[in-house]
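These notes are about the structure you will find just below.
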Amino acid sequence: MDDAYAIQARNLRSRVASGESYIGPKLGFTSKSKMEQMGVSDVIVGFLTAEMKHPADRPLSLAGLIHPRIEPELVFRLGQPVELRADDTPESLSLRIRESVDAVAVGMEVIDSRYRNFKFSLSDVVADNTSAAEFIVGEWQDFPRELRGLPVEFLINDEPVEGSTTDAILGDPFIVFDQLATMTLRYGFELPADAPILAGAMTAAHWLESGQRVETRVEGFPALSVTVA
Ligand code: 0L1
Ligand code: MG
């Protein structure tokens, strides 16, 4: 696993060297439905670059993707940078991350994999930047706010294909901060101001196909939708 994160970091350095900018971390396998779909059982962390962010009001192009899937997420935003301190513990860092979050939004992640049909081991997918391809963020809402137990609907072409609640994320979406703190202490992820933090899919992912309209509804949030070119 240490090698896998080292490979991921090397890939990030090479993307930055070719002009992309790192903007924040993303978590994966924070829900049972994703762990079951992919046959794994550990939370993983990947990186996001500015170039991976896709505006919701523009059709998503499948060009350049291999066999993409899409999944519904929550996204936290850091209002200020969080720097690691020498005496940090998982608890102190988790608290500082949580206190630095100033907004939360509904999001969707487009995942894609160099492994055929997403058949990989946990270290494979970490090295492959946790299948991160693109992501879409809805309207930011004030944070803190209650995030437990909110119904979630995931629709393709206006048909509900998955249903869940926000508790799918680790039983309580706030536990994302604990997981991110633990992993940041281990692997040194950077947490800059304005970082979007993808909390991990709340349902299984679905294949993306041309012409689809994909929508995520989370109670209390504006719905987020995107069309596929
Ligand atoms: O949000 C997630 O749980 C995504 C995990 C990414 C790995 C994958 O499913 O390919
Ligand atoms: Mg995801």
Side-chain angles (χ1 to χ4, degrees), residues 1 4-5 7-8 11-12 23-49 51-54 56 60 62 64-77 104-138 147 152-154 156 161-180 182-183 187 189 195-208 214-216 218 221 224 226:
M1 197 50 78
Y5 278 103
I7 291 165
Q8 185 192 111
N11 284 333
L12 172 59
I23 52 171
K26 57 152 281 194
L27 283 81
F29 304 140
T30 53
S31 69
K32 267 210 183 72
S33 39
K34 278 295 301 195
M35 288 185 190
E36 280 168 12
Q37 182 180 34
M38 308 314 297
V40 297
S41 58
D42 264 320
V43 172
I44 56 176
V45 180
F47 64 79
L48 302 170
T49 69
E51 290 67 23
M52 292 159 74
K53 187 168 179 193
H54 180 86
L60 254 176
L62 300 183
L65 297 172
I66 305 165
H67 51 351
R69 288 172 158 175
I70 190 162
E71 52 190 26
E73 305 235 357
L74 287 180
V75 188
F76 295 104
R77 183 182 70 193
V104 59
V106 171
M108 288 192 272
E109 183 178 24
V110 176
I111 51 172
D112 200 3
S113 179
R114 70 185 61 240
Y115 298 98
R116 182 171 295 141
N117 288 327
F118 291 74
K119 292 277 175 283
F120 40 60
S121 68
L122 204 60
S123 52
D124 290 336
V125 68
V126 165
D128 193 23
N129 191 25
T130 68
S131 309
E134 299 187 37
F135 67 101
I136 303 155
V137 182
L147 291 178
V152 174
E153 257 195 313
F154 191 43
I156 297 191
V161 290
E162 298 283 345
S164 170
T165 75
T166 47
D167 289 358
I169 304 171
L170 297 166
D172 174 351
F174 279 43
I175 295 177
V176 159
F177 307 127
D178 298 344
Q179 291 286 342
L180 183 59
T182 301
M183 299 291 274
Y187 295 113
F189 305 112
I197 300 169
L198 264 63
M202 298 180 280
T203 73
H206 280 253
W207 296 111
L208 259 187
V214 186
E215 179 170 336
T216 298
V218 178
F221 286 79
L224 175 64
V226 71

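Counting starts at 1 for both ligands and their atoms, in listed order. Since the structure is predicted, the reported quantities are computational estimates derived from the model, not experimental observations.
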Hey, can you pull the donor-acceptor pairs under 3.5 Å for the side chains in residues 171-180, sequence neighbours left out?
from, atom 1, to, atom 2, distance (Å)
D172, OD1, F174, N, 2.9
D178, OD1, S94, OG, 2.5

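- Nearest to atom 10 (O) of ligand 1 among the protein's heavy atoms is S131 OG, 2.7 Å.
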side-chain contact (heavy atoms from CB on, under 4.5 Å) evaluation trace for D128 with S113: CA-CA 7 Å; D128 193 23; S113 179; 3.7 Å; yes

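- Residue contact annotation: E73 has a non-hydrogen atom under 4.0 Å from ligand 1.
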Could you give me the CA-CA distance, side-chain angles and deciding distance for F135 and V110, then say whether side-chain contact (heavy atoms from CB on, under 4.5 Å) is met? CA-CA 6 Å; F135 67 101; V110 176; over 6 Å; no

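- When atom types are taken as modelled, the side chain of Q8 and the backbone of V126 share a donor-acceptor pair closer than 3.5 angstrom.
- Of all protein N, O or S atoms, those under 2.8 Å from the Mg ion (ligand 2) number 3.
- Below 4.0 Å from some heavy atom of F120 lie the following atoms of ligand 1, by number and element: 8 (C), 10 (O).
- Counting only distance, with no hydrogens or angles, the side chain of T30 and the backbone of I169 share no donor-acceptor pair below 3.5 Å.
- Of the N or O atoms in A201, one or more lie within a sub-3.5 Å distance of an N or O in ligand 1.
- In this structure, the protein non-hydrogen atom closest to atom 9 (O) of ligand 1 is K34 NZ, 2.7 Å.
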List the steps and the verdict of side-chain contact (heavy atoms from CB on, under 4.5 Å) for S164 and T203. CA-CA 7 Å; S164 170; T203 73; 3.6 Å; yes

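- Between T216 and G107, the closest heavy-atom pair is OG1-O, 4.4 Å.
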Considering only distance and modelled atom types, tabulate donor-acceptor pairs under 3.5 Å from the side chains of residues 66-73, sequence neighbours left out.
from, atom 1, to, atom 2, distance (Å)
H67, ND1, D112, OD1, 3.2
H67, NE2, Y115, O, 3.4
H67, NE2, N117, N, 2.9
E71, OE1, K34, NZ, 2.7
E73, OE1, G200, N, 2.7
E73, OE2, A201, N, 3.4

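- Atom 2 (C) of ligand 1 has E71 OE2, 3.2 Å as its closest protein atom, hydrogens excluded (heavy atom only).
- The distance from ligand 1 to the heavy atoms of F118 drops below 4.0 Å at these ligand atoms: 10 (O).
- Within ligand 1, the atoms closer than 4.0 Å to a non-hydrogen atom of G200 are 1 (O), numbered from 1 in the order shown.
- Counting protein heavy atoms only, atom 6 (C) of ligand 1 is closest to T130 O, 3.2 Å.
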M202 vs L74, side-chain contact (heavy atoms from CB on, under 4.5 Å): CA-CA, chis, key distance, verdict: CA-CA 8 Å; M202 298 180 280; L74 287 180; 4.1 Å; yes

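- Near I111, with a cut-off below 4.0 Å to any heavy atom, the atoms of ligand 1 are 8 (C), 9 (O), 10 (O).
- F29 N, 2.7 Å is the protein heavy atom nearest to atom 3 (O) of ligand 1.
- Applying the side-chain hydrogen bond (donor to acceptor under 3.5 Å, both in side chains) test to Y5 and every residue at least two apart in sequence or in another chain returns nothing.
- Shortest non-hydrogen contact noted between G24 and A195 is CA-CB, 4.0 Å.
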